[in-house]
4 protein chains.
Amino acid sequence: MARQRRADGEESRRKILDAAVEVASERGYDGTSIALVSAKCGLPASSIYWHFKDKDELIATVIERSFATWLEAVRLADLTGPAAERVKTLAVSVANALLEAPDFLRLGLMLALERRPQDPSARTVFLRVRDTAHTYVAGIIRSIDGKLDESAVELLVTYAIAAADGLFIAKEIGGDRVDLVRLFELHARAVLTAADQLGVTG
Amino acid sequence: MARQRRADGEESRRKILDAAVEVASERGYDGTSIALVSAKCGLPASSIYWHFKDKDELIATVIERSFATWLEAVRLADLTGPAAERVKTLAVSVANALLEAPDFLRLGLMLALERRPQDPSARTVFLRVRDTAHTYVAGIIRSIDGKLDESAVELLVTYAIAAADGLFIAKEIGGDRVDLVRLFELHARAVLTAADQLGVTG
Amino acid sequence: MARQRRADGEESRRKILDAAVEVASERGYDGTSIALVSAKCGLPASSIYWHFKDKDELIATVIERSFATWLEAVRLADLTGPAAERVKTLAVSVANALLEAPDFLRLGLMLALERRPQDPSARTVFLRVRDTAHTYVAGIIRSIDGKLDESAVELLVTYAIAAADGLFIAKEIGGDRVDLVRLFELHARAVLTAADQLGVTG
Amino acid sequence: MARQRRADGEESRRKILDAAVEVASERGYDGTSIALVSAKCGLPASSIYWHFKDKDELIATVIERSFATWLEAVRLADLTGPAAERVKTLAVSVANALLEAPDFLRLGLMLALERRPQDPSARTVFLRVRDTAHTYVAGIIRSIDGKLDESAVELLVTYAIAAADGLFIAKEIGGDRVDLVRLFELHARAVLTAADQLGVTG
DNA sequence: AATGAATGAGGATTCATTCAT
DNA sequence: AATGAATGAATCCTCATTCAT
């Protein structure tokens, strides 16, 4: 019985977050009203405040949870083999993860583009996650070509991640007319080629 | 010479739009309140409604005007020389135009990412402009390599524009740590190389 | 030429009043906004204020003009013959006039029912017209039966006019399902019978 | 006993409705502003929206409740005796109920006269109630004279109700100068006489 | 005779949040 | 662990009206 009670709390929290991702990734920070989330999850607005301090915390949690979901979908564990192979595998698994769990990046980019006086903490969370990704990708890029200097690595990492963002947006806008996986394969090749060129030139 | 104190409609309209671009490209559709725009342009909220039917029309006009501004900054006229040169020139002038007039793309991408039941017309306007750009870039890509089949052209155009979006976002997020022009040069080379590879393979 | 100019003024005034009757008799005093009237007549709101001091005066004029229209439709001139005949003729011509020109009574009754702190002058105009009608009908009633005392006349006049109002409303609500002329004939007979009964009893 | 200071929903709802009848039956649909109701009931405007979806629902509820109040005041139970007696008793009790609880009909008629594109649901509610009354009165009329054909019954019912409406309006306009009960007695007699005449003629 | 533009007040409604239970 | 009710501030937008031209 007691366990059931506990479980209900968890369940409500989950229902709220489920509703909130949906709303937030559809309409952004301002467009996400507590009333809308409440309507979508079936719980009264006041119950949302029992689980979350305020709207800011709710949306920050949404970003965190949807990132976790996305990360699980990426499953990077088996990145082995030559660098070129690793880059391509990474690209494809990122693409597939974005198809499976697009909420994280959709909402994250929306937050990243907005610039209000008092930054929502969800934005901070997103930027932090993005920084981690930057460091991670930098490691991979360096392993492609040891001769790359740091400024070239920076450039390549920024390019690699930025283009990934852009491709995701293209998919969001274009829907079925856009083949995300093929685009990411193209992207992987482009980054590898660029690394070669920079390794020689730079 | 004598500026009328009252009833200079054109000027007021301009002041409203100036305020609105600023607000909208900072905070997106929902975050743009008429009260904020009113405060920023000095005219009462009700006057905004004399010039624009509603918020939707206001923001759609903002997108239109800021696109025109951006387009002027691009100055494509002098695209001559071999294809490779043209691609690079285009990339650099796009990059510079985005540095000079970033409002159009910042707001446009924010709108594009949102997916509310009833699409704001500003979003429609942005997507239309984007389509035109797509067609335009397709022409350039075809001129690089006549052997590219249409699906390869589509892929490359989508990639070219998507990565440009992403780079812009990277600059927005990263600020001075990001060298947008250098990234666009890298991007131009990447697209050219990819065109070569696809022209042979595809 | 000059005459043309003059005529334009009259024409605008007429267009405004035409629009205003329509709106006012559809939506009452509060529901009639200058913007709506302006949209319906094609002239800007400020032009309405050139012709009428304010909304109050506009609607008062509407009532006056639509009363005149109605009165013209009644054409009472030929009320001759025995009292019973006159009453019936009056009833039928009132009924027909209400079918032809219903705006006056519709708007008038709407105004009469409302009771706001500061009475619109249109309401006053309506009540005055109504008083005149009362006096007029009293004359007719007295001519039916000289033995009626004044309190009986009052009662009958009030009843005669009140029922007429009610029948008009029934027609407004019921539309084609209601035969207004037949109802007014029934009403005329009822009033005559009541006069007989009161003349004996009272 | 202990009245809760907060969160007595039923009581608040009642206070809102009390305020709303007063305002609405004085000023009609458009004239009833939420701010006015709020001021009159002491609750903030936003609280009104906790209890009612929107103004439309509020006023529809007002009509429903004020009809119930009026119906209670009519107390039809004791309609016995010969038809003539029943008609007279009904007339007098309707008159008295209208004196006690005039809000329902005053507001209802105001709504009935307005004809805006999108009918307020309060109007629909009123017309439905009115239809029920029509059926009820038809039963009584038929019981007066079995020989009346249906078209005559229709005519008489429409006349009976319409004149009642008109008499109510006369009382509203005329105030103390109008003796509503006496008018309704006159009306009852008129309807009975008319039924006799139609029974023979029709 | 007319009108484009402006304006402060007020319209309905939704907002994020709180609090007593 | 949850919720019904409340609330002040803010939302978009319309109001009647004015005034310089």
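Within every chain, numbering begins at 1; the chains are lettered A, B, ... in the order of the sequence lines, protein sequences first and strands thereafter.
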Hunt down the Watson-Crick or G-U wobble partner of E:dT17, both distances under 3.5 Å, from any strand shown, or write none. F:dA6
Of B:Tyr29 and D:Trp50, whose nearest nucleotide on DNA chain F comes first from the 5' end? D:Trp50
As its Watson-Crick or G-U partner within any shown strand, both distances under 3.5 Å, E:dA1 has none
Does NZ or CZ of B:Lys55 fall inside the cone over B:Tyr29's six-membered ring, less than 6.0 Å from its centre and within 45° of the axis? yes
Can you check whether A:Phe126 and A:Phe67 have ring centres sitting under 6.0 Å from each other? no
Heavy-atom closest pair, residues D:Leu109 and D:Arg130: CD2-NH1, 4.4 Å
To the nearest Å, how far apart are B:Arg13 CZ and E:dA6 P? 12 Å
Side-chain donor or acceptor of A:Ser121 paired with backbone N/O of A:Thr124 under 3.5 Å: no
Quick one: A:Ile34 CD1 to F:dA9 P, roughly how many Å, whole number? 20 Å
Heavy atoms only, 4.0 Å cut-off, all strands: where does D:Thr32 land among base, sugar-phosphate and nothing? sugar-phosphate
Taking all atoms of both residues into account, what is the closest heavy-atom pair of A:Ile16 and A:Ile48, and its distance? CD1-CA, 3.9 Å
Rounded to whole Å, CG of D:Asp54 lies from C1' of E:dA12 at a distance of 9 Å
Report the distance from atom CD1 of C:Ile48 to atom P of E:dA1, rounded to the nearest whole Å. 17 Å
Can you tell which of E:dG11, E:dT7, E:dT17 lies closest to the side chain of B:Pro44? E:dT7
When the distance from NZ of D:Lys55 to C1' of E:dT13 is rounded to whole Å, what number comes out? 12 Å
Tell me whether the side-chain N/O atoms of B:His51 come closer than 4.0 Å to OP1 or OP2 in E:dG4. no
Distance in angstrom units between D:Phe52 CZ and E:dT14 C1', rounded: 18 Å
Of all the choices, E:dT17, F:dC15, F:dT7, which nucleotide is nearest to the side chain of B:Ser46 once you look at every atom? F:dC15
Considering only F:dT3, E:dT7, F:dT17, which nucleotide approaches the side chain of A:Leu43 most closely? F:dT3
A:Asp30 has an atom CG; how far is it from atom P of F:dC12, in whole Å? 10 Å
Looking only at F:dT14, E:dT18, F:dT17, the nucleotide nearest the B:Tyr49 side chain is F:dT14
Closer than 4.0 Å, any side-chain N/O of D:Ser47 to the OP1 or OP2 of F:dT7? yes
Atom-to-atom span, CD of B:Glu10 to P of E:dA6 - whole angstrom: 10 Å
Answer yes or no: does a side-chain N or O of D:Ser33 lie under 4.0 Å from OP1 or OP2 of E:dG11? yes
